Amino acid sequence: MKPYLLFPIDVIAQGALPTNLESMSSDLELDVLFNAMAAGDRFFYTTVRQIVLAAPPEPDVIRYRQHILQDCLQLPELFRDIYRVAVEALEVQRQHYFGFMRSNPGAALTGSIHLLAAYVPLLRQIHQIMAKSASEIRSEGLKRFLAATQSELSEDYLNEIMTHVHDLELRRGATMQATIGQVGKPMHYRLLAPKPAGWRDLVPVALSRDAYSFEIAPRDDAGFQALDNMHNRGVVDVANAVAHAADHIRAFFNALRTECAFYLACLHLHHELATRELPVCFPDMYSSDQLVFSATGLYDVSLALQMDPTSRVVGNDIAADSKSLIMITGANQGGKSTFLRGTGLAQLMAQCGMFVPASSLRANIVTGLFTHYKREEDTSMNVGKFEEEVRRMSEIADQITPGNMLLCNESFASTNEREGSEIGRQVVQAMTEAGVKVVYVTHLYDLAHGFEMQGSDNVLLLRAERGDDGTHTFKLTENPPLATSFGRDLYARIFGA
Amino acid sequence: MQSSPSPTVSIPNESTPGLADAAPFESVLFVHPGEIAPNVEREPACFHDLNLDLVVADLTRDRETSHLLPFFYQPLRDIETLHYRQDAQRDLERSELRAAIDRFAARMEVAERHHAFALKQEFPHGRDRWLHDAMTIYTDAVQVLADQLHDAAPNSLAFTGLRNYLSTYVNSASFVAMAIDGQKVGEMIGAIPYTVNINNGRVTVRKYEEEEDYPREVERTFDRFKEEDATGDAFDNPPIPDAGYVENRVVELVAQLFPVEFAELAAFCQRNAQFMDAVIHRFARDVQFYLSYLDYIAPIRSRGMTFCYPEISGLSRGLEINGGYDIALAAKLAREGKRVVTNDVHLSGHERALVVTGPNQGGKTTFARMIGQMHYLAALGLCVPGTLVRLFLPDQIFCHFDQEERVSTLRSGLENDLMRVHGILDEATAESLVVLNETFSSTMLSDAVYLGKEILQRMLEKGLLCVYVTFIDELASLNDATVSMVAVVDPDDPSRRTFSIVRREADGLAYAAAISKKYGIDYEHLKARITS
């Protein structure tokens, strides 16, 4: 049995996280989000990081999670109780863990039966906790978990486990059937039923012509090791069966702990945003083969979490359905970077089943998210800034695939505008034609203007506005780039003047 | 490659007496029975520069091959032996014969291991059991190989010789008796039933009486947990020798319960104490020379790359390479799912020097390596990376590759270069091959031109075959003996590396390093990278 709180079906264990994470995490300030969700709990932190950054599931799975999360917002105590039992199971497992004894089935058998004995009361608790809240559960996922706990963790079955646990303590040693076997093969041993003392054991071996015995000398460590080895081979089948059971239950509790932690972490974030009176909504998600991105009141959750709780962050409305390129130009300090980061964060949150920082949002799933941000300082001594940018883009190209999303922040601004624009144009053109959705913040007029002239329906041009009085509104409007003196600013910055 | 004549040593013929009429098969690596060349334990000087050290390291990685290294370190010039090897390897490329040899080699390894283990046994019955085990595996391996070799109908002198040798051997009375008796005794011992109880260091052995299957009963109860999670995390069955010590004491007790059966086993082992034939034993080890190489090149071939058996000339000094490539690079690219670019070389008449120019990263070094490797591999009697190759075997191969680490030595880079090249010129003969890679590249251009011309002139005066990779265009047209080879640049895209090296005039075309193209993020490349 499995909790099935993240996926309604069995999924292959999540592989390694993508290698672009380090730069993406810092570019999007993911740590701010993760820390708010973890609320100081290291395990929560690891868990949300893993789930938020994992390859996104299909839209129906996202809805499945959204419904469970809605239950969690309604029934926080239920989730906390289950999480508490799962944590207890972890403690039990720390005391009896046998995973390192793979080559020692005998010791593993002993470990497994102790572990099973300790697990049984915890399984009983899960059964009871779920039964208590049965009538208040709304989501499909939680209903399913309820049903599983009631049918598969019945009192009868838990008692049956305990009977075997008792027998397998092998109080009278292991008696095994054996044959010398085929040439070149190990001897075969097979455990015989652990029986109570019988007549056979009462006849001294020395008097019997049908039995011979010897004793390993007390300090003969190699001899005892060899005995262990034989014992191990005899119990290997039984040890496998019992260890599988213990493993399975261990995996069940581990999964339960992880899955509950995710929802409880969402609960933390929900609380943080509610304190700030910021809106959240459950997004409407589309499959990765569609181009959808529209939102109202979309704000940067990372900025919101870092700002004074009393000040309001600015939300943006954006209608970018069927757009493969969103190019953002305009005034410095005009909210371009904030918008870019907010978009990336909302995308990640949306596609792992969380609520998003917006009044409304619909988006297609992107199967991978990459960031290419201008680096403030050159970390490498022997590669020029521009070449470093190019190299990083090349590293992205190594990994990015159709259906992914690329967030560019002032990419290729470390060279002159003509060159930077030309390379940027080629990159954007190649990316979008290959099926990568690109959001590009730039002050390279030539670059943005080129896409304006192209006049493609798939391009959305946004501009950060300055108010008439020169103050920043932080609002983006649907506008083409302005031909102004950005070039001189760029020059001044790049060349350190 | 050493030019000194190879002294030969004879090895004692330990094969079974009475097989004197069999074909004079002695070795799968050497054609003349009783003659085996001396052990060469150090890799030749050119190994590293030609990346042959990588090749040999790779192909000996997962094998017990320490005994093979001397063969890889010892290029030959004896054409009869080289043909003997080429033919043997051709036979091994046939799947039927190859499968037979693979199986045989694997079984022999097990037999040897078990034999060695038997000799370490402390208890007599345990030792007999292991001896019997080794003998049974050996007889089976040899018998099966004899049958399969017969069916595979080999063509080479080496394998027809082996086939005939085996056919006589397996029909000998002693071998037949060993096979039949061995099987009978094994079945009898193997079927002896007993039980053993282990309780705190006390081991009790009894005759077995029927009981119900307890593990199955336990498995049934826990079945509901098994289905999903039973993914290869079962416990290892501990390796055999670990329990051997106590298990053999158990065997001694079982032998007390069943004395007649064990006496028969002992008699069998005594009768067949010397069971392994020396020629067969050596064959099993030596054939790994070919197998390791064929396994190494298999992934390269699976990318559609061709290997061929070079035509080795004893007289003509011409060189013809069609579709040649660097074997080490091809192996690396094959692992990445890619193919390597091939190149052709034709030298005829009095042409002696290939001067290779062109852009950096254009494949010049790879090309130079390829020519060196080609000559070396041909001299091992192996197939070479190319579609058609004709070459003359050099007496020695000298390499001088520009290496960064030389900078740290006391002498200046230039001084080192000159010392080294001087040494090569001293040692080389008219029949040598010299590969120079970017020699003098760290010098001022005028010096480099002067030195390059001088050195090349001296090489040409020796009459040796020379490959000279350089950025100095002037060397390419030094005289009639030089042939200019150029790393090709795509005119539409100067930074596209074609890795093609063609015979044409050096044009000094600068390698314009458009950075975006170098990194493959220009429109075309980027799009291809994302969608591929």
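Since the structure is predicted, the reported quantities are computational estimates derived from the model, not experimental observations. Throughout, protein chains are lettered first and strands after them, A, B, ... in sequence-line order, and every chain is numbered starting at 1. All values below were derived from every heavy atom in this structure, side-chain atoms included, with hydrogens, water molecules and symmetry-related copies excluded.
Interface residue B/Val250: backbone and side-chain heavy atoms are both found under 4.5 Å from chain A. Looking at A/Asp220, only its side chain comes within 4.5 Å of chain B, counting heavy atoms on both sides. Heavy atoms of B/Tyr194 lying under 4.5 Å from chain A belong to its backbone as well as its side chain.
For the atom pair CD1 of B/Ile198 and CE of A/Met230, the computed distance is 4.5 Å after rounding to the nearest 0.5 Å. Annotation: the span from A/Gln429 atom CD to B/Lys527 atom NZ amounts to 8.0 Å, rounded to 0.5 Å. Atom OH in B/Tyr519 sits 9.5 Å away from atom CD in A/Glu388 (nearest 0.5 Å). Atoms OH and CG, on B/Tyr208 and A/Leu192 in that order, are 6.0 Å from each other to the nearest 0.5 Å.
Inspection of the A/Ser394 and B/Arg529 side chains reveals an N or O donor paired with an N or O acceptor under 3.5 Å. A donor-acceptor contact closer than 3.5 angstrom links the side chains of A/Glu433 and B/Tyr523.
When the candidates A/His231, A/Met393, A/Arg190 are compared by the number of heavy-atom contacts under 4.5 Å with chain B, A/Arg190 comes out ahead.
Counting all heavy atoms, side chain and backbone alike, B/Asn197 lies closest to A/Gly173 at ND2-C, 4.3 Å. Closest approach of B/Asn200 and A/Phe224 over heavy atoms only: C-CE2, 4.4 Å. Across A/Thr179 and B/Gly190, no two heavy atoms sit closer than the pair CB-O, 3.6 Å.
Counting only heavy atoms from C-beta outward, the side chains of A/Val436 and B/Ile530 approach each other to under 4.5 Å. In this structure the side chain of A/Ile216 never reaches within 4.5 angstrom of the side chain of B/Arg202, judged on heavy atoms. In this structure, the side chains of A/Gln177 and B/Pro193 stay at 4.5 Å or more apart for every pair of heavy atoms. Two residues are said to be in side-chain contact when any heavy atoms from C-beta on lie closer than 4.5 Å; A/Tyr189 and B/Val196 meet this criterion.
Atom CD of B/Gln270 has 12 or fewer neighbouring heavy atoms from other residues, nucleotides or ligands inside a 6.0 Å radius. The environment of CD in B/Gln183 is sparse: at most 12 heavy-atom neighbours from other residues, nucleotides or ligands sit within 6.0 Å. By the 6.0 Å contact criterion, CD on A/Gln454 is enclosed, its count of non-hydrogen atoms from other residues, nucleotides or ligands being greater than 12.
In this structure, the salt bridge (Lys or Arg N to Asp or Glu O under 4.0 Å) partners of B/Asp102, at least two apart in sequence or on a different chain, are B/Arg98. For the salt bridge (Lys or Arg N to Asp or Glu O under 4.0 Å) test, no residue two or more places apart in sequence or in another chain qualifies with B/Arg127.
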(request) Show your reasoning for whether side-chain contact (heavy atoms from CB on, under 4.5 Å) applies to B/Thr204 and A/Tyr212. (result) CA-CA 6 Å; B/Thr204 308; A/Tyr212 294 97; over 6 Å; no
(request) Check the pair A/Gln426 / B/Ile521 against side-chain contact (heavy atoms from CB on, under 4.5 Å), numbers first and verdict last. (result) CA-CA 8 Å; A/Gln426 294 202 24; B/Ile521 65 156; over 6 Å; no
